[in-house]
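Written out below as structure tokens is the structure these notes cover.
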Amino acid sequence: MGESDPVLCLPPLQHGQGSSHQRRNGKCPGGDEREYRSLHPGLSHESNTGKGEGMSETHTSLQQSMNVRREKLRKLRELGVNPYPVAFSRDTQAADIKSNYEALEGQSVTVAGRIMSLRRMGKASFCHLQDESGRIQCYLRRDDVGETGYEQFKLMDLGDFLGVTGYVFTTKTGEISIHASEITVLSKGIRPLPVVKEKDGEVFDPFEDKELRYRNRHLDLILNPEVREVFRTRARIISFLRHYLDEHGFLEVETPVLQPLYGGANARPFVTHHNALDQDFYLRIADELYLKRLIIGGFEKVYELSKNFRNEGIDRNHNPEFTALEFYQAYVDYEYMMDFVQDMIQRLARSLDKTRVNWGGMVIDLDRPFRRLAIFDALEEALGVDVRQFDESRLRDLARDRGLDTGKAVTYGQLLDELMKRLVEPGLVQPTFILDHPKAISPLAKPHRSGNPELVERFELFIGGAEFVNAFSELNDPLDQRERFEAQAALRRDGDEEDHPVDENFLEAVECGMPPTGGVGVGVDRLVMLFTENRWIKDVILFPTLRSQ
RNA sequence: GACUCCGUAGCUCAGCAGGUAGAGCAGCGGCCUUUUAAGCCGUUGGUCGAGCGUUCGAAUCGCUCCGGAGUCACCA
């Protein structure tokens, strides 16, 4: 546009203030650095390797920004400022100032945080500092912070850490702020942050690209306050579960992640190798078998918060590594555990003040007693047919009539399971215990006390159509247990890949005598999803598994 | 694993009847001592995810690959 002229701006045309005086003392070699994802600060700067420089010096705007920040860093040092002091003593957090305004007005406070907004107006400036509690605006005047203080401040950028001392006041636009008398540089960043602005709750240029958020969770946490809240809730949930079990006399234990054999669930494992032993190990898919060995060993109540690994697909409900809670108690059965689980989850909900959860437009009520529904009753309710007397072929016909592919379901039990998964479970929105599963799909559960040879004492808790809990009266008959394992192994040999090895060590332990035991497994990530009303598991895992770049 | 969609400046995006790129914000210089998506003037910055092909010419068309998202399959 015209140089110095009658600016004819039709639409609101605005420019940042700029200076074309970028100093390129850092000719970043190789201009291949363009994305947040692959960047890292270690890169050389001020590297005038006069080698092959020619015309090839590429200056992306990111490199320019970083060079400018390095230059500011240098200037800070030149001014005798340590840009990375070892500590800083503050006395107030941002949120405290707002919640105790009456008491603090006019009082001097010291805060520290990351600069999240910056408005400079010559000899005075406003900025917002963000600490873990939230944001507070600071007002700096050159006449108050001094010439040198203001010089330092001018070398600050969005994202840098600053300590501010000053008195609490309200600006004429009504925002509670700190009138700075002294500032302290706490940390200078050299990489620019994404810029997110907001006004009246409306966010401009939100940082919401999922890939960038997951790969750069630090940025996500800085820029999206609700994300911090999700992980605070996650911590509260885990802490609650731990305390609940502790208070009920359970012993927290740790069992191996590296296992010579895997078991306790149906899943493909990750394989790794120990060099000194020259032996392959599996990352655990469940901790069930080890925990039961502890019950056999004489601990009567044990639990473990267990990171499990399953070499399966990734989707909104599944991450290859996930967190499970398992607990086992001697001398109780699955009915006891059902009451226990319901109480635990309801108290958890109350402790979070979240007894009603909004789940995809439906309201889940966690405060009422959870429904209990035997598997055949559930099927009858959903299908309008009593399948109790059906044999395998009639079941298969029924499944086909309902449009199910029964190719993979070999046994009677698997057919039942397939029917449940497809036709019943998705409809279990309100918390529902499904009881008494087919034996064929429950190799670790005790035969049902009713005497029905096809059923076991097992329950699963469904909420919002998804499984949250799986529990049994644990099988402790060593001969039966061995037969079940062998049946599973045979089944898999017929099928394919998933050849579950028979765990002789576990069987030997059971052969030594195992008390009657109730056992429970809980999907912790799903609990977090539920209570934070997140539909994607990646949003409740800080660093979800992604393909590396 | 299958299918659909996406990948353009640090950020959010526009450009795609093919003619080697634009905006806002951020950044830089100037002015501005209560501003708030501050404002005004000036300005830097991109081998348009990668490669190959069609074409006189491709960010725009085709193929392959790499990443991501969504749906489904498997599993918790």
Side-chain angles (χ1 to χ4, degrees), chain A residues 1 3-5 7 9 11-24 31-32 34-37 39 58-69 71 117-128 137 139-144 150 157-158 169-175 177 179 191-200 202-212 214-215 219 223 265-268 285-286 308 310-320 322-324 405 408 421 460 466-470 498 521-526 536-538 546-549:
Chain A
M1 301 232 120
E3 358 266 54
S4 56
D5 266 24
V7 216
C9 29
L13 105 78
Q14 4 166 249
H15 289 91
Q17 57 269 50
S19 89
S20 53
H21 124 273
Q22 55 278 57
R23 43 200 74 224
R24 26 201 61 174
D32 53 300
R34 257 181 293 129
E35 302 267 8
Y36 261 101
R37 32 190 86 144
L39 300 182
T58 49
H59 293 276
T60 69
S61 92
L62 174 58
Q63 285 166 344
Q64 286 183 4
S65 294
M66 293 186 67
N67 287 341
V68 167
R69 287 174 184 231
E71 179 60 17
S117 78
L118 209 43
R119 290 179 293 282
R120 291 193 240 253
M121 302 165 301
K123 300 177 189 66
S125 298
F126 287 89
C127 68
H128 279 94
Q137 179 172 260
Y139 174 53
L140 293 90
R141 289 200 313 192
R142 193 194 59 182
D143 292 350
D144 298 317
Y150 207 69
D157 287 295
L158 247 34
F169 78 115
T170 300
T171 65
K172 73 181 183 191
T173 51
E175 177 164 351
S177 306
H179 192 127
R191 179 178 299 276
L193 259 42
V195 178
V196 175
K197 295 189 173 186
E198 70 167 281
K199 182 188 190 183
D200 302 331
E202 188 182 357
V203 178
F204 299 83
D205 297 344
F207 183 72
E208 60 189 2
D209 181 284
K210 287 197 174 199
E211 180 180 5
L212 287 177
Y214 300 146
R215 288 191 191 278
L219 296 177
L223 298 167
N266 251 330
R268 275 182 291 170
I285 59 172
N308 295 340
R310 299 191 182 174
N311 210 334
E312 312 270 359
I314 297 174
D315 63 26
R316 65 155 65 171
N317 290 310
H318 300 270
N319 195 61
F322 64 100
T323 304
D405 172 18
K408 285 192 180 146
K421 272 198 178 121
E460 291 176 294
E467 181 187 352
F468 277 68
V469 177
N470 184 23
E498 289 185 26
V522 180
V524 173
D525 306 285
R526 290 192 176 169
W536 282 271
I537 196 169
K538 281 178 179 165
L546 299 173
R547 201 183 296 271
S548 61
Q549 296 186 311

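Note that the structure is predicted; figures quoted are calculated from it, not measured. Every chain is numbered from 1 and lettered A, B, ... according to where its sequence line falls, protein lines coming before strand lines.
The side chain of A/Lys172 lies closest to B/U34 when the candidates are B/U34, B/G24, B/A76. When the nucleotides B/C75, B/A37, B/G27 are ranked by their closest atom to the side chain of A/Lys421, B/C75 comes out on top. Distances were taken from every side-chain heavy atom of A/Leu212 (C-beta onward) to each of B/C75, B/U12, B/A37; the shortest belongs to B/U12. Among the nucleotides B/G67, B/U34, B/C75, the one closest to the side chain of A/Glu211 is B/G67. Listed candidates were B/A26, B/C75, B/C25. Nearest to the side chain of A/Leu158 is B/A26. Distance from the side chain of A/His318 is smallest to B/A76 among B/U12, B/A76, B/C32. Of the candidates B/U12, B/U34, B/G10, the closest approach to any side-chain atom of A/Phe169 belongs to B/U34. Closest to the A/Val195 side chain, of the nucleotides B/C25, B/U33, B/C75, is B/C25. Nearest to the side chain of A/Arg316, among B/A76, B/G70, B/A37, sits B/G70.
Residue contacts for A/Lys197: at a heavy-atom cut-off of 4.0 Å it reaches the sugar-phosphate backbone alone, with no base atom in range. Heavy atoms of A/Phe468 sit nowhere under 4.0 angstrom from any nucleic acid atom. When heavy atoms are screened at a 4.0 angstrom cut-off, A/Asn311 is found touching no nucleic acid atom at all.
The side chain of A/Lys538 places an N or O atom within less than 4.0 Å of a non-bridging phosphate oxygen (OP1 or OP2) of B/A69. The side chain of A/Arg215 contributes an N or O atom lying less than 4.0 Å from OP1 or OP2 of B/G68. The side chain of A/Trp536 places no N or O atom within less than 4.0 Å of a non-bridging phosphate oxygen (OP1 or OP2) of B/A69.
For the C1' atoms, the distance linking B/A73 with B/A37 amounts to 45 Å, nearest Å. B/G30 and B/U44 have their C1' atoms separated by 15 Å, with the value rounded to a whole Å. Nucleotides B/C61 and B/U54 place their C1' atoms 8 Å apart, quoted to the nearest Å. B/G19 and B/G62 have their P atoms separated by 16 Å, given to the nearest Å. Distance check on atom P: B/A26 versus B/U55 gives 46 Å, rounded to whole Å. Between B/G27 and B/C65, the distance separating the two C1' atoms is 35 Å to the nearest Å. When the C1' atom is used for both B/U64 and B/G57, the distance is 23 Å, rounded to whole Å. Comparing B/C32 with B/A69, their C1' atoms sit 45 Å apart, to the nearest whole Å.
Side-chain contact between A/Leu546 and A/Lys538 is present, with heavy atoms from C-beta onward closer than 4.5 Å. A/His318 places none of its side-chain heavy atoms less than 4.5 Å from the side chain of A/Glu312. In this structure, the side chains of A/Asn67 and A/Glu71 stay at 4.5 Å or more apart for every pair of heavy atoms. No side-chain heavy atom of A/Thr170 sits under 4.5 Å from any side-chain heavy atom of A/Glu175. By the 4.5 Å heavy-atom criterion applied to side chains, A/Val195 and A/Asp205 are not counted as neighbours.
Atoms CD (A/Gln64) and P (B/G10) sit 10 Å apart, rounded to a whole Å. In this structure, A/Arg120 atom CZ and B/C40 atom P are separated by 18 Å, rounded to whole Å. In this entry the distance linking CZ of A/Arg119 with C1' of B/A38 reads 7 Å, nearest Å. Rounding to whole angstrom units, CG of residue A/Asn266 and P of B/C75 are separated by 8 Å. Rounded to an integer number of Å, the gap from A/Lys210 NZ to B/C5 P is 20 Å. In this structure, the CD atom of A/Glu198 is 9 Å from the C1' atom of B/A37, given to the nearest Å. One atom, CD of A/Glu460, and another, C1' of B/C75, lie 12 Å apart when rounded to the nearest Å. Nucleotide B/U34 holds its P atom 13 Å from the CG atom of A/Leu140, rounded to whole Å.
Not a single donor-acceptor contact under 3.5 angstrom links the side-chain atoms of A/Asp315 to the base of B/C75. Put simply, the side chain of A/Gln137 and the base of B/U35 share a donor and an acceptor less than 3.5 Å apart. For B/G27, its base never sits under 3.5 Å from the side chain of A/Asp157 at any donor and acceptor pair.
Residue order along RNA chain B, read from the 5' end via each residue's closest nucleotide, puts A/Ile314 first among A/Ile314 and A/Arg310. The 5' end of RNA chain B is approached more closely, in terms of each residue's nearest nucleotide, by A/Thr170 than by the other of A/Thr170 and A/Phe322.
B/A38 has no base stacking with the ring of A/Phe126 when judged by centroids under 5.5 angstrom apart and an interplanar angle below 30°.
Nucleotide B/U4: paired with B/A69 (Watson-Crick or G-U wobble, both distances less than 3.5 Å). With both pairing distances under 3.5 Å, B/U35 is matched to nothing as a Watson-Crick or G-U wobble pair. When Watson-Crick and G-U wobble pairs are counted only if both distances are under 3.5 Å, B/C13 pairs with B/G22. Applying the Watson-Crick and G-U wobble criteria (two distances, each under 3.5 Å), B/C61 pairs with B/G53. Searching all strands for a Watson-Crick or G-U wobble partner of B/C74 with both distances below 3.5 Å returns nothing. Across the strands present, B/G46 finds no partner; the criterion is a Watson-Crick or G-U wobble pair with both atom distances under 3.5 angstrom.
Note: A/Tyr139 and A/Phe169 have tilted aromatic rings, judged against thresholds of 30 and 60 degrees for the angle between ring planes.
The nearest pair of heavy atoms linking A/Ile537 to A/Asp315 is CG2-O, 3.8 Å. Between A/Leu140 and A/Tyr150, the shortest heavy-atom distance links the atoms O-CE1, 4.0 Å. The shortest non-hydrogen separation linking A/Pro194 to A/Leu219 is CD-CD2, 4.0 Å.
Glycosidic conformation of B/A17: syn, with the torsion inside 90° of 0.
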